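Reading through the structure tokens given below for one structure.
The structure displayed is predicted, hence computed values, not measured ones. Only this structure's heavy atoms are used, side chains among them; waters, hydrogens and symmetry mates stay out.
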Amino acid sequence: MSVASSNDCPHLECVGEITKEELIQKSHGQCQDCKVGGPNLWACLENGCSYVGCGESHADHSTVHSQETRHNLTVNLTTLRVWCYACTKEVFLERKLGPHAQLPSAAMPISPVQTPSPDPKAPGSPTSLRVPPAGTCDDLDMETEEEDELRTRGLTGLKNIGNTCYMNAALQALSNCPPLTQFFLDCGGLVKTDKKPALCKSYQKLITDLWHKNRNSYVVPTNLFQGIKAVNPMFRGYSQQDSQEFLRCLMDQLHEELKEPIPEPEDPNQAVAMDDSPDEDNHSQSDDFQSCESCGSSDRVDSEGPRVPEDINEAEMLISEQNQNNRDWQKEKNLINNLYRAGSHGDLDKDVDTTNESRPIISSQGSIKAQGRKSVPSFTPPKSKRQRKYRSIISEVFDGTIVSSVQCLTCDRVSVTLENFQDISLPIPGKEDLAKLHSSSHQTALVKAGSCGEAYAPQGWIAFVMEYIKSWFWGPVVTLQDCLAAFFARDELKGDNMYSCEKCKKLRNGVKFCKVQSLPEILCIHLKRFRHELMFSTKISTHVSFPLEGLEMQPFLAKDCSAQTTTYDLLSVICHHGTASSGHYIAYCRNELNQLWYEFDDQSVTEVPESCVQNAEAYVLFYKKSNDETQKERRKVTSLLNMMEPSLLQFYISRQWLNKFKTFAEPGPISNHDFLCPHGGIPPNKASFVDDLVMMLPQNVWDHLYSRYGGGPAVNHLYVCHTCQNEIEKLEKRRKNELDMFVRLNKAFQEEESPVVIYCITMQWFREWEAFVKGKDIDPPGPIDNSKIAVNKNGHITLKPGADSGQISEETWNFLHSIHGGGPVVTVRPSVSHQEAETSQAEEKIEVETRSV
């Protein structure tokens with residue numbers, strides 16, 4: 001699809017003469033209907049018409065004006081992009097606005113342009129996909145003409161709304177992290193969530209206000225504060241809190257709301273039928289890994305198992321047949337039971353290993369097709385549903401990996417663990433610790449152990465002696481490099497901290513080493529200044545010197561670390577003044593536009609020299625990777641865009657990856673999976689806002705980016721994926737069938753006066769199943785796991801006292817088990833107590849008769 005040019009749109013003849021200065025003057029005005037201000041006001045370009053209206057972010061009066069007056073052309077006064085309502089595409093006004101008119105005047109990110117549409121079609125239809133705008137220099141964050149005006153952005157204060165300096169300092173520090181801020185400003189289409197309290201929307205609004213061109217002196221962060229209090233009760237009230245704990249809580253919640261599943265690589269050896277039942281997935285999952293989001297330990301998920309070749313679930317056949325023929329209800333319940341019993345010994349695939357008869361046979365999506373004999377009292381807990389791996393802008397910006405190695409000093413066995421981190425909490429070493437770190441013997445031991453002794457390789461004895469003499473007069477001279485070395489130094493595990501060796505099967509003395517396996521784009525460092533004892537808290541006020549530029553992490557990397565950029569520059573630092581019981585937080589941040597340092601003290605924003613920052617009492621520091629090569633690449637791509645070469649093909653590229661290209665030192669391979677489904681189309685749920693997710697690039701720019709970074713896939717045509725639509729419809733049908741059948745079976749169970757047997761089910765699994773059938777979770781719950789509510793007494797499985805369980809009928813259990821499998825069967829029999837009562841009454845009667853005789 002070719003880029004629209006001035007000759008493609010016949011309505012350009014209606015445009016009157018207008019200058020760029022006039023458009024900039026109009027951008028400072030308001031919507032003539034609702035009086036709302038910018039950004040993203042739209043001005044009518046019809047000759048003789050001076051109308052200015054708001055866009056889709058408000059009441060969209062610009063579109064109403066076009067429909068009423070038949071004025072087709074309108075220009076966005078923030079980006080100077082022109083939209084034709086009649087042609088429903090973007091056009092360019094080289095003849096009217098001069099050769100540079102199509103380049104937006106903004107250098108810092110602004111809210112994405114909401115392209116107005118007079119008659120938006122229903123999402124899911126291929127015709128509802130509108131043509132995304134072509135990429136320009138603004139999309140690559142290159143400064144243009146209004147540079148001086150833009151330098152004032154990002155200098156808005158935050159009002160203290162009751163001991164909230166800890167929050168204000170943290171928010172200002174995050175706001176000056178370009179990769180994160182640019183995402184919320186440029187990739188608004190991805191800031192969507194149905195999770196409460198929708199903190200990502202509040203944060204996006206706050207960032208937009210902080211970086212608005214017509215900024216206020218301060219902003220009141222009420223909505224975000226209310227949201228964080230709803231997430232964590234610790235922040236309720238008006239007491240002083242810890243800024244680093246607030247950061248962790250905020251970033252965890254943003255990750256939860258914005259996370260998306262990582263697409264799994266397809267197995268080329270196995271073909272997958274696109275229109276198979278959603279209950280079956282023919283991919284082999286033996287190479288999957290499950291990874292906890294809060295920690296980085298990865299365990300191989302062994303979900304291989306024999307498959308049943310049937311295409312339709314037997315329970316679904318029963319349900320559909322019942323809906324068609326309207327069978328008698330009691331007969332239907334009997335059919336479910338018979339079907340369940342038949343399923344226990346039904347026809348299985350011939351390749352099934354008979355040694356696994358007592359275990360559920362699980363398909364790769366977690367559905368259980370058959371079960372072994374139920375008479376075996378021992379039970380193996382079923383494999384849980386397949387764990388997805390997720391990613392978000394938070395994990396992409398802040399996540400790194402540490403590899404920890406523990407060596408047993410008896411058998412020399414080494415165990416290795418990978419852990420993800422979003423920040424590193426560093427100890428502040430004292431005099432004795434510094435002496436050990438700087439000593440020659442300890443340095444040699446560290447180097448032999450593969451730790452970080454090389455961090456002090458350039459430092460000789462003279463420098464060490466000078467620092468030691470200074471410490472007698474001014475206290476210990478501690479650097480950030482010292483704190484890093486103390487954190488990554490080897491740790492001897494002995495005494496009360498002995499290591500439990502799996503090989504020796506005993507507690508042994510050991511040595512622990514840590515190294516960085518992968519470096520994050522932004523390195524968040526937390527200095528442990530506060531010590532919280534049982535009765536009181538203390539603060540370590542030792543000054544820690546830190547570099548503004550050139551923090552080198554190379555000495556702390558693992559040997560097989562693939563990071564090409566290991567140098568970091570300081571973005572912002574959170575400082576705490578006062579004691580452990582009372583104090584005040586401020587933040588020092590470097591403005592990305594003018595590279596000057598500012599002090600953010602609640603509502604007050606003041607420019608400060610670098611020396612003021614270096615003398616600060618740092619608590620949390622944010623460092624960003626520094627790479628000059630990426631800057632050269634951006635300039636190269638900008639020059640390619642300015643060439644305006646005509647190309648036969650236009651390529652769609654992810655806005656999110658473009659944001660990484662603009663702000664990351666190592667953007668990584670091109671990834672278009674955030675707007676593509678596994679089949680290469682647009683997921684139906686993203687069709688209505690796909691123009692917010694993609695950008696259109698000319699062929700020469702795509703060729704350069706692809707040759708430099710690789711990745712993909714290449715996309716020249718956008719269409720809604722019908723395969724995904726069919727899968728969604730089948731999944732909805734399955735959910736409805738399961739929910740309807742459960743409601744009917746449970747209603748019959750409630751009407752039953754004296755059930756012979758009652759089945760118990762774990763409420764943890766039932767809640768997951770309920771979330772699935774109600775559409776809150778996209779994945780089935782996996783096999784039923786009653787192991788937590790069951791206890792084995794004398795070879796019989798009974799209900800554990802006080803267990804979190806629910807009661808269902810035998811028919812309901814058989815129905816759920818026929819679909820999901822699992823176990824073990826846990827029952828209670830009310831009739832047993834009734835029989836015991838009858839027996840005791842008979843014995844009393846016999847005793848009375850004996851006495852009478």
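A donor-acceptor pair under 3.5 Å links the side-chain atoms of His817 to the main chain of Gly822, judged by distance alone. Side-chain N or O atoms of Lys201 include none that pairs as donor or acceptor with a backbone N or O of Lys192 at under 3.5 Å. Remark: the backbone N or O of Thr762 is paired with a side-chain donor or acceptor of Asn786 at under 3.5 angstrom. Of the possible donor and acceptor atoms, one in the side chain of Ser818 sits under 3.5 Å from a partner among the backbone N and O of Asn814. No donor-acceptor pair closer than 3.5 Å links the side chain of Gln422 to the backbone N or O of Asp399. Judged purely by atom type and a 3.5 angstrom limit, Glu810 has no side-chain atom pairing as donor or acceptor with the backbone of Tyr759.
Residues satisfying the side chain to side chain donor-acceptor pair (under 3.5 Å) test with Glu502, not counting sequence neighbours, are Arg413. Taking the side chain to side chain donor-acceptor pair (under 3.5 Å) definition, one finds that Lys506 meets it with nothing, sequence neighbours left out. Partners of Arg735 according to the side chain to side chain donor-acceptor pair (under 3.5 Å) rule, which considers only residues two or more places apart in sequence or in another chain, are Glu732. Checked against side-chain contact (heavy atoms from CB on, under 4.5 Å), Asp740 has the following partners two or more places apart in sequence or in another chain: Lys736. For Phe766, the ring pair (Phe, Tyr, Trp, His ring centres under 6.0 Å) partners are Phe742, Trp769, not counting sequence neighbours. With sequence neighbours left out, Val743 forms a side-chain contact (heavy atoms from CB on, under 4.5 Å) with Leu739.
Rounded to the nearest 0.5 Å, atoms CD1 (Ile808) and CG (Asn746) are 8.5 Å apart. The distance from the CG atom of Leu507 to the CE atom of Met498 is 5.5 Å, given to the nearest 0.5 Å. Separating the NE2 atom in His679 from the OG1 atom in Thr723 is a distance of 5.0 Å, to the nearest 0.5 Å. Within the model, atoms CG of Asp777 and CD of Glu768 stand 7.5 Å from one another, a figure rounded to the nearest 0.5 Å. The distance from atom CG of Asn672 to atom CD of Gln656, rounded to the nearest 0.5 Å, is 11.0 Å.
The one candidate from Arg744, Glu751, Gln750 that meets the side-chain contact (heavy atoms from CB on, under 4.5 Å) condition with Lys747 is Glu751.
Of all the heavy atoms in Ser671 and Asp674, the pair that sits closest is O-OD1, 3.9 Å. Here the shortest heavy-atom pairing between Gln764 and Lys788 reads OE1-NZ, 3.4 Å. Across all non-hydrogen atoms, the minimal contact from Val231 to Cys249 is CG1-SG, 4.2 Å. Among all heavy-atom pairs drawn from Ile797 and Pro824, the shortest one is CD1-CB, 3.7 Å. Closest heavy-atom contact between Ile789 and Leu799: O-CD1, 3.5 Å. Closest non-hydrogen pair, Asn737 versus Phe815, comes out as O-CZ, 4.5 Å.
Judged by the 6.0 Å distance and 45° axis criteria, Lys229 is not positioned over the aromatic ring of Phe235.
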- prompt: Between Gln241 and Glu245, does a side chain to side chain donor-acceptor pair (under 3.5 Å) hold up when you go through it step by step?
  reply: CA-CA 8 Å; Gln241 300 294 338; Glu245 291 179 355; over 6 Å; no
query: His820 and Glu738: side chain to side chain donor-acceptor pair (under 3.5 Å), yes or no, with the steps?
result: CA-CA 11 Å; His820 301 280; Glu738 287 192 33; 3.1 Å; yes
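Summarising the local packing, NZ of Lys776 is surrounded by 12 or fewer heavy atoms from other residues, nucleotides or ligands at distances under 6.0 Å.
A salt bridge links Lys686 with Glu260; the closest basic N to acidic carboxylate O contact falls under 4.0 Å. Of the charged side-chain nitrogens involved, none lies within less than 4.0 Å of a carboxylate oxygen, so that Lys733 and Glu729 do not count as a salt-bridged pair.
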